[in-house]
Amino acid sequence: MSKGLPKRSENYSEWYNEIVKRADLAENSAVRGCMVIKPYGFAIWEKMQRALDDMFKATGHQNAYFPLFVPRSFLEKEEEHAEGFAKECAVVTHYRLKADGEGGLMVDPNAKLEEELIIRPTSETVIWNAYKNWIQSWRDLPILVNQWANVVRWEMRTRIFLRTAEFLWQEGHTAHATEKEAIAETEQMLDIYADFAENWMALPVIKGMKTPNERFAGAVETYCIEGLMQDGKALQCGTSHFLGQNFAKSFDVKFVNKENQLEYAWATSWGVSTRLMGALIMAHSDDNGLVLPPKLAPIQVVIVPIYKSPEDLAAISEKVEPIVKELKAAGISVKFDDSDNQRSGWKFAEYELRGVPIRLGLGMRDLENGTIEVARRDTLTKESMPIDGVAESVKILLDKIQASVYQRALEFRDTNTFPVDDWDEFCDRVEKGGFVLAHWDGTSETEEQIKEKTKATIRCIPLNAPVEDGKCILTGNASDKRVLFAKAY
RNA sequence: CGGGGCGUAGCACAGCCUGGUAGUGCGCACGGUUUGGGACCGUGAGGCCGCAAGUUCGAAUCUUGCCGCCCCGACCA
């Protein structure tokens, strides 16, 4: 029904861009590669933040804030880290402008910084520089800190939410006394991300480990969650890194253990970003617009009156008022759209486009019959039910929708996940899209060759992969478990 | 950074080839008729035609340069 929204089947990326625009989530800004997140889109992000933040706090983490600027010398300290991020850094070289004499401004050449400041692409280095002063004894550990911040990675090509030059995220940075504890932390945070993806975003994800090629620059091990989008491409939805003692060594962060010996601290870092907004859109939405899981919907229920005269509207409003009250009391966000500048049909389409999970329609016929129309966004079905007790039904229905949106995504992923043992089939499968589980001989060379030939990358080595004898899909060399291949965003 | 497309009203676009009063649709404002799936009629407001230089009596239109955006690739969360 939507006017002019492209079909997913015809042009997936245009469909995506249009949804972002038309559902009023975000827009491209005047600044290249950067987005403006609009109030409706930001409201979804805030719900994500809230849920995640609660989970972080529940596991003992605290929020803090570190600077936007990273001195160049900090970034240089961890070699692999430096190399990994060098190509995508914005650099501040001056601290002052001056009039150019033509009514404009120019960089004041006399205000050159002694040392350039990098706009953080991530904060390991500033944070570990600070931790050096925070950590002396084993009693200072663990440090469990998270920050909500913006970061900048100068990307060649950007796509709103999925890859922007500036994005919002959270980055957790923890320090531990033992390797074991740091690994446990890394795994715990991965579990939290998976839990969040599945229970809040209604997006099933595969937990796994990155191959050395795909590993975070400076990490010993990178864990990730991978989701499958409706076009068959994979999207990395969160990462959790075990950093070993790499940053502790680079920044000389030592502590005295119980035996009075000096040891380097063990580190983790983990993050999810506004990219999750992209995942949310691409996982569930349809040709009518956005589909939001109720738990992340800024408006969970919209009530649309259908009326002819102001008297009708007054009568409907009177009936709606207690429903609104009851829903609000139950913690459900509800909007009664009694605006008179659009007609009901327009509103139906508009709220569908915006992904509001439940729409209640109430007209004069309903008032006579004591009924109300309940429409589900996810299935696009509607039914008439008694107006008495509707708040209770809505509460139950929201949970049902949350579950069924997840179920649909899960079925999609399962029917698009293929174990493959034959090279030709592998190429064919990858081309068509979806997750492909295949054997790999464990070498970077093979991984790169496969990428070159098929565009597929190893998304992860799934944590739950069963051990089985097999042969590498490309080389035929021995392999003991399947890894997850896909074309990725 | 390569390849392709495009900059004209808030948005989507036509006009450009062949130089001569800047247009259409949506949206917006006002009035009226409508109202159970994106209503209709009337009136009206809204423009430095991306920027700069050139050609010309005259440039949205021709020439050159610049800037920006989108799509497809290589790089990445």
Side-chain angles (χ1 to χ4, degrees), chain A residues 1-6 11-18 20-22 24 27-34 84-89 121-122 150-171 193 210 213-217 219 222 224-227 234-241 269-279 288-289 304-310 312-313 316 340-353 359-369 371-373 375 380 382 384 451-452 455 457 459 487-489:
Chain A
M1 280 309 132
S2 62
K3 265 188 190 163
L5 194 63
N11 190 338
Y12 195 82
S13 58
E14 205 181 310
W15 166 83
Y16 174 83
N17 290 337
E18 278 299 309
V20 169
K21 238 190 288 180
R22 302 269 296 273
D24 218 21
E27 60 191 29
N28 282 303
S29 72
V31 184
R32 184 193 177 86
C34 297
F85 283 104
K87 323 186 275 303
E88 46 186 356
C89 287
T122 179
N150 58 339
V151 286
V152 168
R153 296 182 186 174
W154 211 264
E155 299 290 347
M156 302 258 188
R157 215 183 120 216
T158 58
R159 282 192 74 191
I160 224 159
F161 289 128
L162 296 174
R163 187 177 306 113
T164 44
E166 179 193 19
F167 57 90
L168 306 184
W169 76 346
Q170 58 67 217
E171 46 180 327
Y193 288 155
K210 286 295 188 191
N213 272 351
E214 304 269 332
R215 200 178 278 155
F216 175 77
T222 288
C224 65
I225 51 171
E226 294 283 330
L235 183 73
Q236 180 174 306
C237 294
T239 51
S240 183
H241 315 290
S269 68
W270 27 273
V272 296
S273 71
T274 37
R275 170 177 259 201
L276 289 180
M277 295 285 295
N288 292 299
V304 177
I306 299 140
Y307 63 96
K308 295 185 179 154
S309 66
D312 289 356
L313 177 60
I316 292 166
D340 61 357
N341 54 340
Q342 297 297 166
R343 306 180 358 145
S344 51
W346 189 92
K347 292 177 186 175
F348 293 170
E350 182 65 12
Y351 290 109
E352 263 161 30
L353 192 55
R359 183 188 70 238
L360 301 179
L362 195 64
M364 296 314 285
R365 231 157 49 208
D366 288 305
L367 289 196
E368 280 164 31
N369 302 334
T371 56
I372 191 163
E373 186 184 80
L380 292 170
K382 46 188 182 182
S384 194
K451 184 178 175 184
E452 220 165 277
K455 303 240 165 84
T457 49
R459 301 320 304 152
K487 284 201 276 194
Y489 275 97

Student: Show the distances under 3.5 angstrom between N or O atoms of the protein and N or O atoms of nucleotides 67-74 of chain B.
Tutor:
residue	atom	partner	partner atom	Å
B/C69	OP2	A/R32	NH1	2.4
B/C70	OP1	A/N28	OD1	3.3
B/C70	OP1	A/N28	ND2	3.4
B/C71	OP1	A/N17	ND2	2.7
B/C72	OP1	A/S13	OG	3.0
B/C72	OP2	A/R157	NH2	2.3

Student: Show me the donor-acceptor pairs within less than 3.5 Å that the side chains of residues 163-171 of chain A make with the rest of the protein, sequence neighbours left out.
Tutor:
residue	atom	partner	partner atom	Å
A/T164	OG1	A/E166	O	2.7
A/E166	OE2	A/N150	ND2	2.8
A/W169	NE1	A/E171	OE2	3.4
A/Q170	OE1	A/Y193	OH	2.5
A/Q170	OE1	A/V272	N	2.8
A/Q170	NE2	A/N146	OD1	2.7
A/E171	OE1	A/S123	N	2.9
A/E171	OE1	A/S123	OG	3.4
A/E171	OE1	A/H173	NE2	2.7
A/E171	OE2	A/S123	OG	2.7
A/E171	OE2	A/Q147	NE2	2.9

Student: I need the CG-P distance between A/N213 and B/C75, as an integer number of Å.
Tutor: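 That distance rounds to 11 Å.
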Student: With sequence neighbours left out, write down each residue that passes ring-ring contact (aromatic ring centres under 6.0 Å, His included) with A/F216, or none if nothing qualifies.
Tutor: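 For A/F216 the ring-ring contact (aromatic ring centres under 6.0 Å, His included) partners, ignoring immediate neighbours, are A/H81, A/F85, A/H241.
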Student: Between A/G363 and A/K21, name the one whose nearest nucleotide on RNA chain B is closer to the 5' end.
Tutor: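 Its nearest nucleotide being more 5', the pick is A/K21.
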Student: Partner lookup for B/C11, please. Criteria are Watson-Crick or G-U wobble with both distances under 3.5 angstrom; report none if nothing qualifies.
Tutor: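 B/C11 is paired with B/G25.
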Student: Listed by chain and number, what are the side-chain contact (heavy atoms from CB on, under 4.5 Å) partners of A/D366, not counting sequence neighbours?
Tutor: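 Once residues adjacent in sequence are excluded, the partners of A/D366 under the side-chain contact (heavy atoms from CB on, under 4.5 Å) criterion are A/L362, A/T371, A/S384.
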Student: For A/F348 and B/G37, give me the distance from atom CZ to atom C1', rounded to whole Å.
Tutor: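 Answer to the nearest Å: 6 Å.
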Student: Under the side-chain contact (heavy atoms from CB on, under 4.5 Å) test, which residues partner A/T457, sequence neighbours left out?
Tutor: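 Checked A/T457 against side-chain contact (heavy atoms from CB on, under 4.5 Å); matches are A/E214, A/K451, A/R459, A/A488.
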Student: Answer yes or no: is there a donor N or O on one side and an acceptor on the other, between the side chain of A/R153 and the main chain of A/E88, under 3.5 Å?
Tutor: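 A pair under 3.5 Å: no.
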Student: Report the distance from atom NZ of A/K382 to atom P of B/G37, rounded to the nearest whole Å.
Tutor: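 Answer to the nearest Å: 6 Å.
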Student: Between A/E155 and A/K87, does any NZ, NE, NH1 or NH2 come within less than 4.0 Å of an OD or OE carboxylate oxygen?
Tutor: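 Answer for the salt bridge query: no.
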Student: Heavy-atom nearest nucleotide on RNA chain B for A/W169 versus A/L362: which residue maps closer to 5'?
Tutor: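 Checking each residue's closest nucleotide, the 5'-ward one belongs to A/L362.
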Student: With distance as the sole criterion, do the side chain of A/R163 and the base of B/C76 form a donor-acceptor contact below 3.5 Å?
Tutor: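 Indeed there is one.
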Student: How many whole angstroms separate atom CD of A/E18 from atom C1' of B/C26?
Tutor: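 Distance check: A/E18 CD to B/C26 C1' gives 14 Å.
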Student: Could you check whether A/E350 gets within reach of a base, just the sugar-phosphate, or nothing at all, counting any heavy atom under 4.0 Å?
Tutor: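 Since a base atom lies under 4.0 Å of A/E350, the category is base.
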Student: Over all strands shown, is A/L162 touching base, sugar-phosphate only, or nothing at heavy-atom distances under 4.0 angstrom?
Tutor: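 Base, at least one base heavy atom under 4.0 Å.
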Student: Using a 4.0 Å heavy-atom cut-off across all strands, classify A/F216 as base, sugar-phosphate, or nothing.
Tutor: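 Touches nothing.
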Student: Does B/U63 count as syn, meaning its glycosidic angle lies within 90° of 0, or as anti?
Tutor: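 With its glycosidic angle more than 90° from zero, B/U63 counts as anti.
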Student: Name the pairs: protein N/O against N/O of nucleotides 30-34 of chain B, kept only if under 3.5 Å.
Tutor:
residue	atom	partner	partner atom	Å
B/U34	O2	A/R343	NH1	3.0

Student: Just checking A/T239: base, sugar-phosphate only, or nothing, at a heavy-atom cut-off of under 4.0 Å?
Tutor: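 It contacts nothing in the nucleic acid.
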Student: Assign A/T164 to base, sugar-phosphate, or nothing according to its heavy-atom contacts below 4.0 angstrom with the strands shown.
Tutor: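 Answer is base: heavy atoms of A/T164 come under 4.0 Å of a base.
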Student: Starting at CZ of A/R365 and ending at C1' of B/U35, how long is that distance when rounded to a whole Å?
Tutor: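 Rounded to whole Å, this separation is 12 Å.
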Student: Mind checking if A/E155 touches a base, just sugar-phosphate, or nothing, with heavy atoms under 4.0 Å?
Tutor: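 Base: the residue A/E155, judged by heavy atoms under 4.0 Å, touches a nucleobase.
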Student: Look at the side chain of A/Q342 against the base of B/G38 and say whether a donor-acceptor pair falls under 3.5 Å; ignore hydrogens and angles.
Tutor: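 Checked by distance alone, the answer is no.
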